[in-house]
2 protein chains.
Amino acid sequence: MKEDVRMLKDGIYGQFARIGKALSSPRRLELLDLLSQGPKSVETLSRETMMSVANVSQHLQTLLEARLVIFEKKGTYAIYRLSSSTTSRLLLLMQELAEELLAEVKQLREQFYRGELEAISLEGLQDRMQNEDVILIDVRPKEEYEYAHIPGAYSVPITELEQHLKQLPPEQKIVAYCRGRYCVYAAQAVDQLRSHGYQAVRLEEGIREWKVLSIPE
Amino acid sequence: MKEDVRMLKDGIYGQFARIGKALSSPRRLELLDLLSQGPKSVETLSRETMMSVANVSQHLQTLLEARLVIFEKKGTYAIYRLSSSTTSRLLLLMQELAEELLAEVKQLREQFYRGELEAISLEGLQDRMQNEDVILIDVRPKEEYEYAHIPGAYSVPITELEQHLKQLPPEQKIVAYCRGRYCVYAAQAVDQLRSHGYQAVRLEEGIREWKVLSIPE
DNA sequence: CCATTATTCAATTGATTTATTGAATTAAAG
DNA sequence: CTTTAATTCAATAAATCAATTGAATAATGG
């Protein structure tokens with residue numbers, strides 16, 4: 001009887017470990033992070049992560065086996081997506097825990113933003129959207145904006161920011177966001193905007209955090 | 001510049017993977033689950049999991065390196081505990097995701113409770129505590145009860161249930177809980193109580209879920 | 001039907017992980 | 001100081017994992 005319980009426990013933790021194993025590789029964590037911003041092809045994931053297509057494909061097979069992703073074929077393209085939004089929440093919590101426990105994460109964050117960690121939070125954004133004439137811009141690739149974005153945001157992919165500057169009055173106050181706490185697009189956008197004299201600030205979080213907190217507009 | 005960002009990304013995901021690697025072993029997941037019920041010695045963990053002391057110690061070193069646990073010496077005993085309650089939340093979310101994605105988990109749950117999955121939830125418990133004359137009993141080891149328990153619960157460790165029966169009127173309605181969705185103590189207690197004619201039912205969740213939901217008494 | 005494009009598969013190599021066994025270490029008791 | 005108890009360490013063997021390379025497959029376009 002006690003052996004029965006032991007076997008059941010071993011079985012159930014073996015299943016839980018399927019999720020854990022999928023999350024044990026830095027490469028797969030990055031792939032999952034990218035996919036939580038929207039569905040993507042193998043080729044797109046390869047380009048974004050600078051991994052070979054074969055390597056991306058292998059890691060995606062591992063994620064498929066753990067049921068964390070699903071895919072559909074569109075022509076020769078295999079479009080992968082997360083199978084559950086719970087995976088996004090799990091990734092966020094994992095990152096929160098890593099920030100809490102690992103000093104190295106803090107150090108790397110400072111390198112991400114070269115000492116200039118100043119940003120506003122989602123609560124601060126809400127204040128400003130209600131009380132000030134600010135524009136919120138989403139500097140991720142357009143496809144990710146189209147998949148999901150913070151309500152009230154305009155899509156200005158970082159690669160197109162320069163062209164968009166002409167359309168903004170110089171006194172316009174701007175908040176820029178991208179994929180979240182470990183993406184540099186928003187910081188780069190703020191640098192660029194400030195160099196043209198705009199009052200710009202970075203939003204710390206992205207659409208995933210917005211969804212979890214469910215802050216209404 | 002693009003290489004800089006790539007190195008930063010590799011670095012940050014390498015750090016996140018430290019957490020993922022710690023969670024990739026079924027053994028370590030069980031150890032973390034036990035520790036989220038309260039601090040324990042290596043010897044206690046070895047007995048509960050039926051792993052050798054040396055193996056438990058090795059896995060604990062791995063968890064130490066990932067900063068998921070801390071320990072203090074008490075005489076010859078090393079008492080290990082979780083370093084953050086965020087780890088409990090992460091484990092719960094991981095289990096929730098596994099239940100959602102993996103059919104094998106559903107099958108194993110049915111084997112846990114031999115087809116009799118009937119239980120009440122925390123909401124149902126709250127109703128009954130307010131509207132009926134039910135007793136809530138915690139059938140985990142006494143040490144875990146002392147560390148944390150659902151308010152209003154009495155400690156009746158499963159090994160002492162038989163002796164406690166004398167003190168309960170036969171018409172007493174009883175709700176029993178243990179460590180959560182993957183623990184059999186509550187189901188065993190309910191079987192035993194019912195065989196003595198009591199009206200008993202199992203609570204699905206444990207103290208961890210209660211804390212996350214923060215349902216006040 | 002052939003060429004192209006995107007993706008997956010298979011084999012290989014080197015690195016990492018896991019459990020065991022016996023030794024070593026740490027702390028307390030006598 | 002010696003013995004005991006609890007824990008950790010080190011070495012080993014077997015299994016698993018990850019990236020690369022080249023081949024194979026799948027789907028489309030001409």
Side-chain angles (χ1 to χ4, degrees), chain A residues 6-7 9-11 13-32 34-35 39-66 68-81 143, chain B residues 6-7 9-11 13-32 34-35 39-66 68-81 143:
Chain A
R6 176 41 40 198
M7 285 183 67
K9 294 261 194 183
D10 287 347
Y13 285 108
Q15 291 301 314
F16 294 156
R18 281 173 73 186
I19 307 290
K21 283 179 179 181
L23 304 176
S24 65
S25 155
R27 305 302 210 178
R28 288 195 291 279
L29 286 174
E30 186 168 5
L31 292 173
L32 288 171
L34 284 168
L35 289 174
K40 292 177 173 60
S41 66
V42 178
E43 187 181 81
T44 296
L45 292 166
S46 167
R47 195 180 335 112
E48 288 272 358
T49 57
M50 289 176 156
M51 288 163 65
S52 71
V53 168
N55 203 15
V56 169
S57 182
Q58 267 183 186
H59 283 297
L60 288 171
Q61 299 318 305
T62 301
L63 294 174
L64 270 175
E65 280 160 22
L68 287 167
V69 301
I70 52 178
F71 76 98
E72 60 182 333
K73 288 297 287 262
K74 284 183 167 174
T76 50
Y77 289 95
I79 307 296
Y80 281 82
R81 71 180 67 226
E143 295 79 15
Chain B
R6 176 44 37 200
M7 285 183 66
K9 294 261 193 183
D10 286 348
Y13 284 107
Q15 292 300 313
F16 294 154
R18 281 173 73 185
I19 306 290
K21 284 180 179 181
L23 304 177
S24 66
S25 155
R27 304 303 209 178
R28 289 196 290 278
L29 286 174
E30 187 167 5
L31 292 173
L32 288 171
L34 284 167
L35 289 175
K40 291 177 174 62
S41 67
V42 180
E43 186 180 83
T44 296
L45 291 168
S46 167
R47 194 179 337 112
E48 289 272 357
T49 58
M50 291 176 155
M51 289 163 64
S52 69
V53 168
N55 203 15
V56 169
S57 182
Q58 263 184 190
H59 283 296
L60 288 171
Q61 299 317 304
T62 300
L63 295 174
L64 272 175
E65 280 157 25
L68 287 165
V69 300
I70 52 177
F71 75 99
E72 60 184 331
K73 289 298 286 268
K74 283 183 167 172
T76 50
Y77 289 96
I79 307 297
Y80 281 82
R81 72 181 65 226
E143 295 79 14

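Lettering of chains follows the sequences in order, A, B, ..., and the numbering in each one begins at 1.
- Distance, N55(A) CG to dA15(C) C1': 15 Å, rounded to whole Å.
- Looking at heavy-atom distances under 4.0 Å, Q58(B) makes contact with a base.
- Taking atom CD of residue E43(A) and atom C1' of nucleotide dT8(C), one finds them 15 Å apart after rounding to whole Å.
- Here V53(B) lies in heavy-atom contact (under 4.0 Å) with a base.
- Distance OH (Y77(B)) to C1' (dT25(C)): 17 Å, rounded to an integer number of Å.
- Atom CE of M7(B) has 12 or fewer neighbouring heavy atoms from other residues, nucleotides or ligands inside a 6.0 Å radius.
- Separating the NE2 atom of H59(A) from the P atom of dT7(C) is a distance of 16 Å, rounded to the nearest angstrom.
- At the heavy-atom level, S41(A) lies under 4.0 Å from the strands shown only through sugar-phosphate atoms.
- As judged by a 4.0 angstrom heavy-atom cut-off over every strand, F71(A) is placed among residues making no nucleic acid contact.
- Separating the CD atom of E65(B) from the C1' atom of dT16(C) is a distance of 13 Å, rounded to the nearest angstrom.
- Ion pair K40(B)/E30(B) not flagged as a salt bridge, since none of the NZ, NE, NH1 or NH2 atoms sits closer than 4.0 Å to an Asp/Glu carboxylate oxygen.
- Side-chain contact check for L35(A) versus L45(A): some heavy-atom pair is nearer than 4.5 Å.
- As judged by a 4.0 angstrom heavy-atom cut-off over every strand, T62(A) is placed among residues making no nucleic acid contact.
- Between the CD1 atom of I79(B) and the P atom of dA27(C) there is a distance of 14 Å, given to the nearest Å.
- OP1 and OP2 of dT18(C) both lie 4.0 Å or more from every side-chain N or O belonging to R27(B).
- Among residues two or more places apart in sequence or in another chain, the side-chain hydrogen bond (donor to acceptor under 3.5 Å, both in side chains) test is passed with Q58(B) by none.
- For the pair L23(B) CG and dT17(C) P, the computed distance is 14 Å after rounding to whole Å.
- Using a cut-off of 4.0 Å between Lys/Arg side-chain N and Asp/Glu carboxylate O, E65(A) and R18(A) are scored as not salt-bridged.
- Between M51(A) and S57(B), it is S57(B) whose nearest contact on DNA chain D lies nearer the 5' terminus.
- At a threshold of 4.5 Å between non-hydrogen side-chain atoms, the residues V69(A) and L32(A) count as touching.
- Rounded to whole Å, atom C1' of dT26(C) lies 16 Å from atom CD of E72(B).
- Nucleotides of DNA chain D lying under 4.0 Å from heavy atoms of chain A occupy a range whose first and last members, 5' to 3', are dC17(D) to dT28(D).
- Pairing each heavy atom of E48(A) with each of R6(B), the nearest pair is O-NH2, 3.2 Å.
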